[in-house]
There are 2 protein chains.
Amino acid sequence: MKLEQATIKDIAKELNVSTSTVSRALKDYPGISLETKRKVKELADKMNYRPNAIALSLRKSRSYTIGVIIPEVVHFFFSTVISGIEEVANSRGYNVILTQTNEKLAREKTSIATMLANQIDGVLVSYSKETTNFDHFSNLLDKGFPIVFFDRVPEIAESINVIVDDYSGAYEATKHLIQQGYRKIVHLSGPSNLKISKERARGYQDALINHGLSIDPNLIVECTKGTDDEAQKIASEIIDTYPVKPDAFFAHNDMAAVGAMLACKAAGLKVPEQVGIVGFSNWQFCSMIDPSLTSVAQPGFRIGAKATEILLDLIEKKVSPDDFKSSVVLETELLVRKSSVR
Amino acid sequence: MKLEQATIKDIAKELNVSTSTVSRALKDYPGISLETKRKVKELADKMNYRPNAIALSLRKSRSYTIGVIIPEVVHFFFSTVISGIEEVANSRGYNVILTQTNEKLAREKTSIATMLANQIDGVLVSYSKETTNFDHFSNLLDKGFPIVFFDRVPEIAESINVIVDDYSGAYEATKHLIQQGYRKIVHLSGPSNLKISKERARGYQDALINHGLSIDPNLIVECTKGTDDEAQKIASEIIDTYPVKPDAFFAHNDMAAVGAMLACKAAGLKVPEQVGIVGFSNWQFCSMIDPSLTSVAQPGFRIGAKATEILLDLIEKKVSPDDFKSSVVLETELLVRKSSVR
DNA sequence: TTGTACGCGTTATCAC
DNA sequence: GTGATAACGCGTACAA
């Protein structure tokens with residue numbers, strides 16, 4: 001159990017020098033004889049000495065650890081973001097400590113608390129669906145604690161945000177459907193308290209208007225859960241009961257798009273001949289399903305990487321919070337596949 | 001930046017008592033007057049005091065943090081495992097620090113090293129595809145450092161392993177194909193240095209033999225990368241060039257199964273009428289593709305949860321390593337869908 | 001009932 | 001060129 005890691009003290013004792021000498025020798029400080037330096041380094045190597053990061057943290061009040069708070073790990077987009085975070089943090093010598101909130105506000109708060117107790121240097125956050133009040137974040141921001149939000153970002157003045165251009169992603173997707181000749185386009189939207197949902201809906205609406213189509217409020221339906229089952233039910237109902245049959249679905253995520261596709265198949269509607277479908281996020285399965293699903297790709301890895309770079313720069317004072325008055329926006333990319341081309 | 005967290009010292013000064021008194025009052029130690037206790041707690045509350053976990057770690061040489069080393073985060077199975085780990089660790093008051101190796105041995109070694117420097121109490125490992133030598137783990141095990149392996153486990157005596165019953169999962173999958181009347185069953189296997197690959201291949205072979213079929217070595221093909229592209233190429237080649245046409249594919253993972261499915265479609269073969277297909281892992285997309293994919297479900301969440309329970313029990317000395325002479329094996333479940341039923 | 005002193009591992013500061 | 005000491009925040013054996 002006890003790892004019995006060698007300490008600077010052990011080396012000092014063995015060599016009959018002081019701990020300070022050892023410390024300096026190891027760090028190539030000036031004013032240490034080459035001879036001593038050599039001996040110390042040699043022994044350190046032999047004893048497999050590794051500085052105790054905890055002791056360093058205590059001394060410097062810096063842990064070289066950042067926290068990550070996300071709603072869910074089992075999620076293609078978020079896991080991709082984590083991958084980007086991991087990559088950058090690792091290459092810059094930081095550890096990543098992770099918690100998922102499972103979309104619970106309470107969990108979000110306790111996570112922050114324990115992370116702070118662990119002296120993390122900063123935190124990356126995508127908040128839970130339950131979160132509507134941001135005091136637990138603003139308190140920290142006011143004290144100058146480094147926080148970078150990504151994807152799900154609060155609409156408060158002090159926050160530093162990294163997001164994708166949901167508006168233009170949705171705009172391009174809708175425009176694509178229109179250009180393919182679809183006219184009655186349903187939008188399966190996300191939870192309306194999330195800014196990303198609003199932006200996607202706005203992009204959808206503007207695309208319609210700019211192409212001379214009118215907005216039919218009946219064709220905008222909220223899918224709160226975002227699962228394929230839920231979307232399938234909703235889409236089936238629209239197909240069965242609406243007087244004017246829709247000829248396309250633009251879903252706020254890929255699961256919902258699949259739900260719509262299944263509903264079409266069940267109703268005997270051919271995709272893409274009769275109904276066009278576009279999703280959002282470009283999950284792995286998009287290219288595997290039949291017909292393959294057109295989707296708006298979000299650069300998850302880059303979001304994670306960018307957010308981490310900013311956070312670490314903040315921590316290391318290479319940039320100031322004032323440099324981020326407006327959100328950092330990364331571009332989406334529409335990947336056209338079979339589900340929307342006729 | 002500086003969070004200026006209140007310390008025990010601040011409270012002591014404010015109240016004109018010693019730090020030890022404060023410490024004891026906060027922990028309800030005997031021999032503290034109710035009055036003092038009340039005052040201390042009140043002020044601690046007011047100052048929003050949180051014990052500094054780093055200082056505690058240093059003092060107790062216990063960090064209440066466990067490390068997790070996995071090949072990839074963007075992976076349905078592994079992210080599910082992480083979720084299970086997170087859940088249990090969190091509920092028992094431990095932090096989780098995460099690194100992905102991207103299947104690189106070098107990364108695996110440095111990860112372990114930095115985690116140790118951070119005084120983690122134990123580590124959960126699923127090793128990289130490059131790892132063939134386990135000295136960097138056995139060294140630690142020999143010193144009694146708690147490690148629990150999951151999914152990809154080393155075949156060394158001292159290791160504590162949590163795995164799924166790959167053998168029986170593969171056996172059942174193959175048996176199912178046979179019972180559905182398929183006879184020329186191809187096995188798209190995984191990298192042969194992974195034990196899980198060997199076990200799955202063994203289950204496949206035993207099922208054939210026990211049902212009176214012979215094993216054709218030509219029908220066992222290794223897919224090292226495990227991507228759908230790779231599998232598609234391999235499957236196409238088999239379909240095109242083999243004298244005896246295969247009528248089923250049992251793949252070591254779902255991606256490969258999808259590759260096989262695409263290859264069949266490209267060759268004009270109907271699934272499941274002419275060719276049956278079964279995958280492994282039950283990724284989310286299995287139910288979304290058409291035809292839906294029969295797959296062997298691995299209880300990822302439970303693997304993560306179980307491995308973490310064991311690790312924490314080891315750390316807290318509730319169990320001894322000797323209690324785990326043999327691997328902990330969790331059962332798989334064959335989820336029959338359309339791709340294998342005619 | 002409370003305070004003093006020390007140690008966990010490291011480094012900055014001052015002294016020799 | 002090297003050593004002694006204090007400090008980071010906390011818990012605890014020992015004193016009072």
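Naming convention: chains lettered A, B, ... in sequence-line order (proteins, then strands); numbering from 1 in each chain.
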For C:dT11 and A:Tyr29 - does any side-chain N or O of the residue sit under 4.0 Å from the phosphate oxygens OP1/OP2?
no

Indicate yes or no: does B:Glu42 engage B:Lys46 in a salt bridge with an N to O separation below 4.0 Å.
no

Taking CG from B:Leu116 and P from C:dG9, how many angstroms apart are they, rounded to a whole number?
15 Å

Using a heavy-atom cut-off of under 4.0 Å over every strand shown, decide if B:Ile8 touches base, sugar-phosphate, or nothing.
sugar-phosphate

Check the angle between the aromatic planes of B:His75 and B:Phe77 and answer parallel, tilted or perpendicular using the 30° and 60° thresholds.
perpendicular

Any B:Ser33 side-chain nitrogen or oxygen under 4.0 Å from OP1 or OP2 of C:dT2
yes

For atom NZ of A:Lys9 and atom C1' of D:dT5, their distance in whole Å:
13 Å

Salt bridge present between A:Lys41 and A:Glu35 (N-O < 4.0 angstrom)
no

Ring pair (Phe, Tyr, Trp, His ring centres under 6.0 Å): which pairs involve residues 79-102 of chain A, sequence neighbours left out?
A:Tyr64-A:Tyr94

Looking at B:Lys60, I'd like to know whether one of its side-chain N or O atoms comes within less than 4.0 Å of OP1 or OP2 on C:dC8.
no

Indicate the atoms forming the closest heavy-atom contact of A:Leu98 with A:Met115, along with that distance.
C-CE, 4.4 Å

Out of A:Val74, A:Ile82, A:Val73, which residue meets the side chain to side chain contact (heavy atoms under 4.5 Å, CB included) rule with A:Gln100?
A:Val73

Knowing that exactly one of A:Phe145, A:Tyr127, A:Phe149 qualifies, which makes a ring pair (Phe, Tyr, Trp, His ring centres under 6.0 Å) with A:Phe137?
A:Phe149

Quick one: which of D:dG3, D:dC8, C:dC8 gets closest to the side chain of A:Arg24?
D:dG3

Quick one: B:Lys13 NZ to C:dG3 C1', roughly how many Å, whole number?
17 Å

Using whole Å, report how far CG of A:Asp121 lies from P of D:dC8.
18 Å

In whole angstrom, give the distance that lies between atom CD1 of B:Ile32 and atom P of C:dG3.
8 Å

Contacts of B:Lys37 and A:Thr7 projected onto DNA chain C by closest heavy atom; the upstream (5') one is B:Lys37

Measuring to OP1 and OP2 of D:dG3, would you say a side-chain N or O of A:Thr21 lies under 4.0 angstrom away?
yes

Counting only heavy atoms and a strict 4.0 angstrom limit, can you tell me which residues of residues 42-57 of chain A come near DNA chain D?
none

Rounded to whole Å, please give me the gap between CG in A:Leu58 and P in D:dA7.
14 Å

Base of D:dC10, side chain of B:Arg59 - is there a donor-acceptor contact under 3.5 Å?
yes

A:Ser18 vs D:dG3: side-chain N/O to OP1/OP2 distance below 4.0 Å
yes

Across the strands shown, which category fits A:Ser20 at heavy-atom distances under 4.0 angstrom: base, sugar-phosphate, nothing?
base

Identify the heavy atoms of B:Asn161 and B:Ser159 that sit nearest to each other, and give their distance.
OD1-OG, 3.0 Å

Do any side-chain nitrogens or oxygens of B:Thr36 fall under 4.0 Å of OP1 or OP2 in C:dT2?
yes

Atom CG of A:Asn118 and atom C1' of D:dC10 are separated, to the nearest Å, by 14 Å

Could you state the atom-to-atom distance from CG of A:Asp10 to P of C:dG9 in whole Å?
8 Å

Under 4.0 angstrom, heavy atoms only, what part of the nucleic acid is B:Ser23 near: base, sugar-phosphate, or nothing?
base

